[in-house]
2 protein chains.
Amino acid sequence: MTTHMMIELIAVLTAVRGDIPQVMTIDHGRQLPSGPLESTHRSLQAGVRAWVERQTGHPIGHVEQLYTFADHDRILSSTQGRMIAISYLALTRSHAGETGWRDWYDYFPWENCKSDEGRTSLALIERLLCHWVAGMGHAAERVRQWQRCVSLFAIGDMVAWNDELVLQRYELLYEAGLVAEAGCAPDRAVPGQSMHHDHRRILATAMARLRARIRYRPVVFELMPEAFTLLQLQRVMESLSGVHVHKQNFRRLIMQQQLVEETGEIEERTGGRPARLFRFCGEVRQARQFVGTKIPLVQP
Amino acid sequence: MTTHMMIELIAVLTAVRGDIPQVMTIDHGRQLPSGPLESTHRSLQAGVRAWVERQTGHPIGHVEQLYTFADHDRILSSTQGRMIAISYLALTRSHAGETGWRDWYDYFPWENCKSDEGRTSLALIERLLCHWVAGMGHAAERVRQWQRCVSLFAIGDMVAWNDELVLQRYELLYEAGLVAEAGCAPDRAVPGQSMHHDHRRILATAMARLRARIRYRPVVFELMPEAFTLLQLQRVMESLSGVHVHKQNFRRLIMQQQLVEETGEIEERTGGRPARLFRFCGEVRQARQFVGTKIPLVQP
DNA sequence: TCGACTTATACTCAATATGAGCATAAATGG
DNA sequence: CCATTTATGCTCATATTGAGTATAAGTCGA
């Protein structure tokens with residue numbers, strides 16, 4: 001009796017191509033890669049790592065457990081099958097010419113406030129949510145839910161946009177019946193590709209976690225090439241978090257924390273003045289790996 | 001074939017008595033309460049909640065998943081039995097006259113830097129770690145591990161104490177063979193009660209998570225009585241985090257964030273000038289529940 | 001009753017951190 | 001040569017933070 005078949009590992013494998021965060025998918029972008037826990041795996045983390053590295057051929061940097069959930073439907077139908085899913089966030093560096101990679105913001109256009117597409121998406125969501133709230137019976141409930149919409153989507157400038165609330169925003173849209181996973185009609189749905197099962201929800205969890213991590217931990221560098229300019233680093237930070245940063249202040253903070261050191265090389269193809277290339281000070285930082293990192297992320 | 005027997009839920013149920021954080025235990029303080037996932041549970045979270053509330057009779061406030069791990073020994077011996085453990089942090093308010101509650105710092109004396117016991121414990125750890133590192137073969141490894149000791153235990157004032165690194169500190173002591181769980185001789189072990197299996201490790205995870213949470217989320221109030229003075233609140237924050245806060249600055253931040261409102265009552269038994277009583281502004285805050293909370297935690 | 005001690009609460013002040021802008025340098029392409 | 005682009009150095013006002021002073025209002029013991 002092999003009982004470990006019931007444990008499923010789901011990976012949100014993330015990389016950055018150019019400036020754009022991407023996620024590894026299967027089934028034409030409809031699912032996240034997943035696999036069973038095998039008895040040869042020494043631990044869950046090792047299981048994910050081994051399996052993803054075999055699948056992509058790339059070494060994985062940061063691996064982090066996200067969340068474990070019971071698949072409710074499967075519990076009740078007491079047939080054999082997957083019962084517990086454990087999701088992981090994994091970061092890798094490059095992936096030239098591989099298939100299965102999709103942009104984060106194909107699934108969550110509204111999370112990319114930097115882009116025009118994101119802003120129009122947000123404007124549409126605002127109208128749809130307004131309509132959803134208006135259709136509620138109780139006035140008190142109407143007020144409560146509208147407050148929730150306002151604080152999650154930063155409607156009306158009363159509250160600032162919080163880039164870490166990816167999951168909460170998705171859940172609100174789900175409750176409002178504005179995503180395909182909630183079974184709504186396509187014309188009523190918000191823009192953004194849907195996924196099978198609750199995989200888009202898991203992706204939202206991963207995005208939120210990564211956005212939180214890059215603020216305090218030097219994990220961005222797991223996604224960067226060996227050498228990079230400060231603007232490249234800034235662009236990656238911006239596209240991960242979905243918000244703009246002030247260029248000079250960003251440089252100031254990166255430099256004064258001594259997160260990076262010059263390689264001595266110069267990047268010529270900047271389109272303007274050539275830029276110095278930097279590398280992550282992994283060696284020096286490893287010693288004090290528990291000292292926090294501060295990355296400034298502000299609104300435009 | 002009931003397959004759900006293999007999933008174990010482990011709860012770190014935390015409350016505060018007086019000013020002291022406590023954890024619910026069984027087996028004379030040697031284990032954390034745990035139970036199997038049942039098919040009647042609608043979700044994992046609901047399972048933990050239902051089961052803990054039945055066990056203690058108290059309503060639970062905040063519940064949060066901590067970590068999922070595979071019990072390695074059980075995987076290899078392919079007998080039936082528990083295989084996956086999912087741990088949770090749960091907060092509750094009061095527990096007058098119940099058994100099983102133990103102080104956090106019975107298990108982690110060194111995490112309570114406020115107390116004299118914590119400081120002597122830390123001084124001893126410093127000596128033991130120094131001895132451990134000195135016995136290493138390679139000089140490079142010696143340097144690397146000593147750096148790790150220094151940054152985790154804030155040895156020599158080169159780096160500040162980080163109260164959120166509870167788990168990392170425990171893991172270092174485990175690797176150094178200084179805790180009973182690592183199979184060391186009692187006279188070589190660091191002070192602090194041990195637990196069965198990896199339960200002390202799970203407790204460390206829970207403490208770290210709660211210390212991180214109370215900084216940015218108003219979860220402290222789940223542990224406070226209905227009405228409290230600002231000093232009581234401060235004392236609870238201090239004993240959860242294990243570090244001192246500056247009284248006036250603490251008040252300033254709490255007040256200007258409008259986390260609390262006056263009840264109008266006065267607490268007379270302060271030992272000094274009577275203090276105003278406050279309650280948590282849950283209603284007002286619920287609307288903007290995603291706005292961050294800032295609690296100042298500094299070194300003495 | 002007085003005085004030492006405790007806690008509560010208000011306010012000040014200096015050091016930093018942060019957000020935003022200005023200015024200059026060094027490349028490109030017409 | 002000039003407009004444009006990016007890089008990089010510097011300033012400045014404001015907000016936040018850490019730490020201290022001052023005063024108020026109780027308790028307790030001699």
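Residue numbers start from 1 in every chain, and the chains themselves are labelled A, B, ... in the order their sequence lines are given, proteins ahead of strands. Just so it is clear, the values below take in all heavy atoms, side chains as well, and ignore hydrogens, waters and symmetry mates. Everything quoted here is computed from the prediction, not taken from an experiment.
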* Asked: Given atom CZ of A:Phe278 and atom C1' of D:dA7, what is their separation to the nearest angstrom?
  -> 10 Å
* Could you tell me whether the side chain of A:Arg252 has a donor or acceptor atom within less than 3.5 Å of a complementary atom in the base of D:dG9? => no
* Please round to the nearest 0.5 Å and tell me the distance separating atom CG of B:Leu233 and atom CE of B:Met224. => 5.0 Å
* **Among C:dT7, D:dA19, D:dA7, the one nearest A:Leu231 by side-chain distance** => D:dA7
* **Gap between atoms CZ and C1', on B:Phe250 and C:dA8 respectively (whole Å)** => 14 Å
* Structure fact -> Which of C:dT18, C:dA20, D:dG9 is nearest the side chain of A:His246? It is C:dA20
* To do: When you get a sec, tell me which of C:dG19, C:dT7, D:dG9 is the closest nucleotide to the side chain of A:Asn249?
  => C:dG19
* **Approximate separation, where rounding is to 0.5 Å, of B:Ile125 CD1 and B:Cys130 SG** => 13.5 Å
* Structure fact -> Rounded to the nearest 0.5 angstrom, the OG1-CG distance for A:Thr270 and A:Leu231 is 9.0 Å
* Indicate whether OP1 or OP2 belonging to D:dT6 is found under 4.0 Å from a side-chain N or O atom of A:Lys247. => no
* **Sub-4.5 Å side-chain heavy-atom contact between A:Trp161 and A:Phe153** => yes
* Reckon B:Arg276 has a side-chain N or O less than 4.0 Å from the OP1 or OP2 of C:dA10? -> yes
* Asked: Of the nucleotides C:dC22, D:dA22, D:dG18, which one has an atom closest to the side chain of A:Gln248?
  -> C:dC22
* Fit a plane to each ring of A:Tyr216 and B:Tyr216, take the angle between them on a 0 to 90° scale, and name the class: parallel (under 30°), tilted (30 to 60°) or perpendicular (over 60°). => parallel
* Between C1' of D:dA15 and CD of B:Gln257, the distance in whole Å -> 14 Å
* Asked: Do any N or O atoms from the side chain of B:Ser151 and from the backbone of B:Gln147 form a donor-acceptor pair under 3.5 angstrom?
  -> yes
* May I ask you to say whether A:Glu262 pairs ionically with A:Arg276, meaning some side-chain N is under 4.0 Å from a carboxylate O? => yes
* Asked: Any sub-3.5 Å donor-acceptor pair from A:Arg209's side-chain atoms to A:Leu66's backbone N or O?
  -> yes
* Structure fact -> Rounding to 0.5 Å, atoms OG (B:Ser241) and NZ (B:Lys114) come to a distance of 7.5 Å
* Asked: Would you say the side chains of A:Arg235 and A:Gln232 form a donor-acceptor pair under 3.5 Å?
  -> no
* Whole-Å distance between D:dG18 P and B:His244 NE2? -> 16 Å
* Structure fact -> Between CZ of B:Arg251 and P of D:dT16 the distance, given in whole Å, is 20 Å
Report, one pair per line, the protein and nucleotides 25-27 of chain D atoms (nitrogen or oxygen only) whose separation is under 3.5 Å.
none

* Could you tell me the separation between the CG atom of B:Leu277 and the C1' atom of C:dA8, rounded to a whole number of Å? => 13 Å
* To do: Quickly work out the A:Glu267 CD to C:dA26 P distance and round it to whole Å.
  => 18 Å
* What does A:Leu230 touch in the nucleic acid at a heavy-atom separation under 4.0 angstrom: a base, only the sugar-phosphate, or nothing? -> nothing
* Structure fact -> Between CD1 of B:Ile266 and P of C:dT7 the distance, given in whole Å, is 17 Å
* **Dot-bracket encoding per residue of DNA chain C, Watson-Crick/G-U cut-off under 3.5 Å, | denoting interstrand** => ||||||||||||||||||||||||||||||
